[in-house]
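Following: one structure in structure tokens, then a few remarks.
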Amino acid sequence: MPTAAAPRATAAAPGAAVLPGGGRSALADGEWHRLHPLTPLFKGGLVLLIVAGIVLSNMRDRLIFWFVALFTPDEVHVDDYGGGDALDWVLANNLVLLALLITFGVLVVLVLAFWLVWRFQQFRVTGEHVEVRKGIVFRSHRRAPLDRVQGVNLTRPFPARLIGMAKLEVVGAGTDANVDLEYLATTRAEAVRADILRLASGLRAARQTAREGGQAPQGARGQLVGTLNEGVSGLIEGVDLADVAPESVVKIPTGRLIGSQAISGVIWLGFFLLIFAVVMAFMVPIAIANADDGGWLVLLGAALGTGIPLVIAVVAITWAQISRSLRYAIAPTPDGVRITYGLFTTVTETLPPGRVFAVEVSQSLLWRPFGWWTVKVNRMSGKSAMQQQSGSAQQFSVVLPVGTREDVQRVLALVVPDAPVTDLPLVWEHGILGPVSGDPYRTMPRRARWRRPFSWRRHGYAVTPYALLLRRGRMWRKLAIFPLARLQGVSVAQGPVDRLQGVAWGQAHTVAGPVSGQVVGLDRADALAMFDEVRRGAVAAASADRTHRWAEHVATFGDHAPDGPGGGPGPVPGDG
């Protein structure tokens, strides 16, 4: 949503994040701040330099002769060049000073261009919005309302980690609603993230920052020196877990992670083997028919040309999943659930309470002997449907790559902390492991089992005052939890075949994500009952829900709200 650039603020904006006692957070003071000085380099400048280097290496001779002919047309005869290395020819004609001056001039132009780009990239955090403006010729101004913040992601790509830089992504509600702050020094990014989450929670300011007096904004030189010193040490020490509760962190053993992804890779291997078999089925008859004309050699070439890329693809997919899930950690913080993962590129995601719209626990048949599950969520991503298909976007939906039953229970307690204890039997005994005796789920009638011939006894739903539970699959067991307070709608439909059989299918509508809300083949009366129960339950749950301002009650105590143990903010509902 580009708009005209706002005028530069010279004083704190009216909506500035005022701290108790009249102070202001150094980075959430309502004034404009600049990003890291190396931002242009990592936002395309590095790629530009690499491409320019390749072009220069291929056109070095022509460029040297062009500059020589341009600046010294009478002293040097370019046509006399008879081959060999162009640099030797420059040395032989005493043109070293000219070459150095030209190189220095090019560097000055590049530095000046990067400096201009950096000067026109600014951000500010007020009491109502997070704003970013940038651009020299084409100006843009993006704004994310704090009351619609769905999460804050801190990403550290591997090259940026080396010099202590991070990208901050403020996830908004809506398509293309995210606001990116790329890049900041890691310490500044963490401070901005904390300010945004605390302001979005309903608190009037970050009391801890006020108690410490805040950090004075650093200049460009200070940022460069500080980030370069912290980069390598941060790479060695790993992810930041200083602000999470260690006893609540779920840790995945490396052996389990590698083993689970290797088992999942068998599925991809089987799929690619099927493709290979189809190709060979077409090539073998051709090779037999042309056996005397090198047909077998062609068959060997086709086998290698098809098989090697498929093997590389399997290895690449498996390794990508492993590297993205290494160093995984999940824990509660006063501002939401903190999830961290990644080996080379690390991502630290903070999910505030009330931003999880659906949760799914699933287990493949190959994982069943080991008792492993994975947990995914639907959440506002601020991305379009096409962007959500990327591997990095889908990774944000995985809150537990692989875990035991105890791990799953701990994660569910974090992402749906307000779920009542009375729902646990519906989740585990009847939902994930069921059906068992006394099954309360309403499932498909026998007459509709042709739609799900293997899982029709499991395929069904249950409604509680808190959530709609959808149970599906036998080979790949799944249980989806849709909190009623955040359900966006429910529908029931019938096709012509459905009407003949007296069945219908229901759909729970939520934000886009990997968790499906569809249940098919229900008895018509059960489908209508689901519609009515969900409709009434959702109205009651939404009217009582206040998780979008999860710490607002703390602000009502004024500037002297009681602190929790250790001098920090006291616990808030939904912390897990």
Side-chain angles (χ1 to χ4, degrees), residues 1-19 24-46 110-146 148-149 152-156 160 163-172 176-200 205-206 209 214-227 382:
M1 43 188 170
T3 62
R8 179 176 178 82
T10 57
V18 181
L19 294 172
R24 288 185 175 89
S25 170
L27 297 171
D29 55 1
E31 296 186 3
W32 291 100
H33 299 278
R34 287 193 172 86
L35 301 172
H36 195 280
L38 294 181
T39 291
L41 186 64
F42 285 87
K43 284 192 63 178
L46 194 60
L110 287 176
V111 171
L112 180 62
F114 286 167
W115 180 82
L116 285 174
V117 172
W118 171 71
R119 290 283 297 180
F120 282 88
Q121 291 184 343
Q122 296 174 306
F123 74 94
R124 72 174 177 180
V125 180
T126 71
E128 297 178 355
H129 300 93
V130 179
E131 301 175 71
V132 173
R133 63 184 186 187
K134 59 184 178 180
I136 301 175
V137 179
F138 299 98
R139 304 295 302 274
S140 68
H141 188 161
R142 297 184 67 86
R143 177 181 296 165
L146 286 173
R148 295 179 64 82
V149 169
V152 182
N153 305 329
L154 194 149
T155 306
R156 285 173 268 196
I163 56 174
M165 294 169 57
K167 169 186 174 181
L168 204 65
E169 181 182 24
V170 182
V171 181
D176 194 26
N178 293 1
V179 172
D180 295 333
L181 278 62
E182 49 181 345
Y183 287 83
L184 293 167
T186 301
T187 53
R188 287 167 61 89
E190 291 173 346
V192 173
R193 176 181 62 182
D195 285 333
I196 292 172
L197 288 169
R198 288 166 184 163
L199 289 169
T209 305
Q215 291 182 343
Q218 292 179 304
R221 182 177 180 276
Q223 290 190 57
L224 283 172
V225 174
T227 53

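As the structure is a prediction and not an experimental result, all values here were calculated from the model.
Checking Asp195, Leu168, Ile196, Leu199 one by one against Val130, the side-chain contact (heavy atoms from CB on, under 4.5 Å) holds for a single residue, Ile196. Here the rule is side-chain contact (heavy atoms from CB on, under 4.5 Å) with Glu131, and of Arg133, His129, Glu128 only His129 fits it.
Taking NZ from Lys134 and CD from Gln122, the interatomic distance works out to 13.0 Å, rounded to the nearest 0.5 Å. With rounding to the nearest 0.5 Å, the separation of CZ in Arg193 from CZ in Arg188 is 15.0 Å. Between the CG atom of Leu197 and the CG atom of Leu146 there is a distance of 9.5 Å, given to the nearest 0.5 Å.
Across all non-hydrogen atoms, the minimal contact from Leu184 to Arg34 is CD2-O, 4.4 Å. Of all the heavy atoms in Ala185 and His36, the pair that sits closest is N-CD2, 3.9 Å. A pairwise comparison of heavy atoms in Arg124 and Glu31 identifies CB-O, 3.1 Å as the closest pair.
Annotation: side chain to side chain contact (heavy atoms under 4.5 Å, CB included) contacts of Glu182 (sequence neighbours excluded): Lys43, Lys167, Asp180.
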Evaluation steps, side chain to side chain contact (heavy atoms under 4.5 Å, CB included), between Val192 and Phe123: CA-CA 10 Å; Val192 173; Phe123 74 94; 4.1 Å; yes
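One N or O on the side chain of Arg142 and one on the backbone of Asn178 form a donor-acceptor pair closer than 3.5 Å. In this structure a side-chain-to-backbone donor-acceptor pair under 3.5 Å is present from Trp118 to Leu35.
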